[in-house]
Amino acid sequence: MSITVTLQEKRVFAPSKDFVQHAAIDAKTFRAWQAQAKKNPQKYWEGAAQELRWKKKWTKVQKTKKGSMSDTQWFLGGKLNVADNCLDRHVEENPNRLAILWEGEPGETVSWTYRELLIQVQAMTAGLRKLGLAKGDRVAIYMPLVPEAAVAMLACARAGLTHTVIFGGFSSEALKDRINDAQAKAVLTADGGYRKGAWLPLITHVDTALKVCPTVKDVVILKRADVGGANRFKKAVGEVDGTSTAKRHDWYSLTGSLKADEVKKLGQPEWVDSEHPLFILYTSGTTGKPKGIVHSSGGYLVGALRSSRMVFDLKPTDLYWCTADVGWITGHTYLVYGPLAAGASIFMYEGAPTTPTLDRFWDMIERHRITILYTAPTAIRAFMKLGTQHPKGRDLSSLRLLGSVGEPINPEAWMWYRENVGGNRCPIVDTFWQTETGSIVISPVPAQTRAKPGSATFALPGYDVAVVDKGGKPVKLGSGGFLVIRKPWPSMARTIHGDPERFKTQYFTEFPGLYFTGDGARIDKDGYIWCMGRVDDVLNVSGHRLGTMEIESALVSHPTVAEAAVVGRPDDLKGQAVVAFVTLKADASAKIKNDPVAASQAKSDLRVHVTKEIGALARPEEIRLTESLPKTRSGKIMRRLLRELAVSGQVKGDTTTLEDFSVIASLQHSDEE
Ligand code: WTA
């Protein structure tokens, strides 16, 4: 098994007649959309915006400051509320439609109709307002994957608060950085959650972080035992210890203590401008600390809704499962906002795919009759390794569509997914997009596109995608280059929180006038796009974005470390693995010399340190202690050499720019582990 995306240009899979016949979007509609998007993208997006409910209609579809695509606004003058679109309008149509079916890792389930979900969201909206939070305030959400996580997001949206969800796997350090950057006034969290059979105590991380988060005034804590609201009136307000000055509130005591007329009054939606920031989501880039990507309300939801309907073929009879956590963009757009805006029934699962049994995923699909599955290549490759007996042992006949996201999917994994999960029957949508794009950019439209395993196929209507050379010119069919988007689209990020200049330089200067994804791609003879992964210093480990600089900063913040360089090594399961080259300060270096036990201890200390600074997801797979790092004469670390070393253990190629040849020798013998 190899994760390299080998171009299999000739292998093509057409959707079955049955799928085409029953598709939510027929060929005629799709072709009309394509033609309109090409001719007049603003008209196309205006049509998509009409699928939402607006309190006040926009007066202008799009405005871009002259010559600067980075400065674009959509649906100007329009007013709406995202939660109203995700909840109220569906409740008015059919209050009893299933909104969320959730299963906890230990096995309990919660099922909420749209009406029940709305009641929860109204109560929390009122609760947040009662705490004094008001439009424009920022709120951090640090929760396990429980239905209340969606309530938290939607309640913020309803009250006009801007949320920032922080993945529960991030450490207290990472949490603190994000809370402080966003200047969050409140944190919505839980005492903990379950993962791989273990208890993850989230609240202890919050406690540690809040010692140095002066802006936070209130913390709302969900007791994991109360998920679903079953025990809501039995619990007293928990006085929980902690050293910060923030007030602590028990989730269901806060919402349950409100009188009906208070909920009615304080639970109303806040009508916000289309451009009002719905959320900030931190993501790794090529420099320093993660940056807070800001998304709008109107444009974002237009992109989320249109793509959810088009790519996932959503119908009222579906039970749709996106396996992403709310801490990532996929969990925002395709677990919560997109499908709920479409009125779909979503399935949500708290825990690990193989707990307590190796077939947990397939077991849940069989029991709940899940119809659409959207997951990451890393998960598929892990399932491949476990063997076909697990999916084969369950009845997966309810599935009708499969999706993949987050990293290139190798054709072997694509084929395995199709055969063993999709029964050779389900179309696969390989969806390329990013935190910054807000919604899917390149993907097959399941009933309309003939798929090639390993290719995300074509741009969706309304996204002007191109593969260009260094000069920004489109490459010829059959060649490779850089993936760019040439025109603004509604769900594009609006800025980086607190750093608008960086937003411009990061994405819009490499190719003037174009948005640069940071990815490389090939376009084959038939015009199919093959996304090949990042061409910058961003790693993709198990579908999670990590900046090499971010891990390097974490390493050099350890007192024994002098210098660190981090590179990615191709990994059969994770896509990429983190390899760190580290030089220690003189005294620490002397200690480990000729002492393998001390060296091994030093490496494990560094791994623990990275886990503390960022989270387990960034922990280096391999640490190589070395006397010095290979540098050019101008002092730049030669990453190419390090990458070669990480992959092969040896260096080939040109080394004449090396300042010190001896470092290569020391590198090659430095890792005894
Ligand atoms: C990569 C995740 C190939 C890509 C939605 C991008 C992909 C980064 C695909 C964004 C795909 C995502 N094929 N590569 N289908 N989907 N990527 O911001 O390198 O966490 O730039 O968003 O993931 O990661 P992010």
Side-chain angles (χ1 to χ4, degrees), residues 3-5 7 165 167 169-170 279-286 290-293 295 303-304 307-308 311 322-335 337-338 374-381 402-411 413-414 417 428-444 451-460 463 465 467 480 482-485 491-493 496 506-507 510 515-522 528-547 550 568 574-576 617-618:
I3 63 111
T4 23
V5 180
L7 302 190
V165 185
F167 174 54
F170 279 122
F279 64 86
I280 303 172
L281 184 59
Y282 286 84
T283 191
S284 298
T286 48
K291 41 196 196 251
I293 297 296
H295 277 287
S307 57
S308 295
V311 175
C322 163
T323 66
D325 189 276
V326 285
W328 310 107
I329 191 69
T330 308
H332 283 62
T333 311
Y334 298 111
L335 177 61
Y337 290 120
Y374 187 37
T375 194
T378 287
I380 299 165
R381 290 191 291 263
L402 305 175
S404 168
V405 61
E407 26 169 349
I409 180 165
N410 45 312
W414 196 101
Y417 197 25
I428 296 180
V429 288
D430 171 10
T431 63
F432 171 92
W433 61 295
Q434 307 177 295
T435 305
E436 295 85 344
T437 66
S439 58
I440 295 170
V441 173
I442 307 173
S443 166
K452 293 190 186 187
S455 164
T457 74
F458 308 105
L460 293 180
Y463 300 85
V465 169
V467 180
F482 305 94
L483 194 64
V484 299
I485 307 178
S491 66
M492 68 191 283
I496 291 175
Q506 181 87 34
Y507 304 106
E510 189 91 23
Y515 166 83
F516 179 39
T517 57
D519 281 275
R522 289 182 61 84
Y528 280 67
I529 299 168
W530 301 70
C531 303
M532 311 297 280
R534 307 287 306 197
V535 293
D536 54 10
D537 288 328
V538 173
L539 305 181
N540 194 328
V541 179
S542 303
H544 298 150
R545 251 169 92 162
L546 291 166
E550 197 183 333
K574 301 176 183 174
Q576 278 186 305
L617 71 167

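Ligands are counted one by one from 1 in listed order, and the atoms in each one are counted from 1 as well.
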Measure from the side-chain N and O atoms of Y334 to the backbone N and O of S307, and report whether any donor-acceptor pair falls under 3.5 Å.
no
Between C322 and the options T375, L335, T333, the side chain to side chain contact (heavy atoms under 4.5 Å, CB included) test singles out L335
Could you verify whether a donor N or O on one side chain and an acceptor N or O on the other, from T437 and Y515, lie under 3.5 Å apart?
no
Keeping S542 on the side-chain end and T378 on the backbone end, is there a donor-acceptor pair under 3.5 Å?
no
Heavy-atom side-chain proximity of I485 to M492 below 4.5 angstrom:
no
So which protein residues pack against ligand 1 under 4.0 Å, heavy atoms counted?
I329, T330, V405, G406, E407, P408, D430, T431, F432, W433, Q434, T435, D519, C531, R534, N540, R545
Side chains of T286 and Q506: any donor to acceptor distance under 3.5 Å?
yes
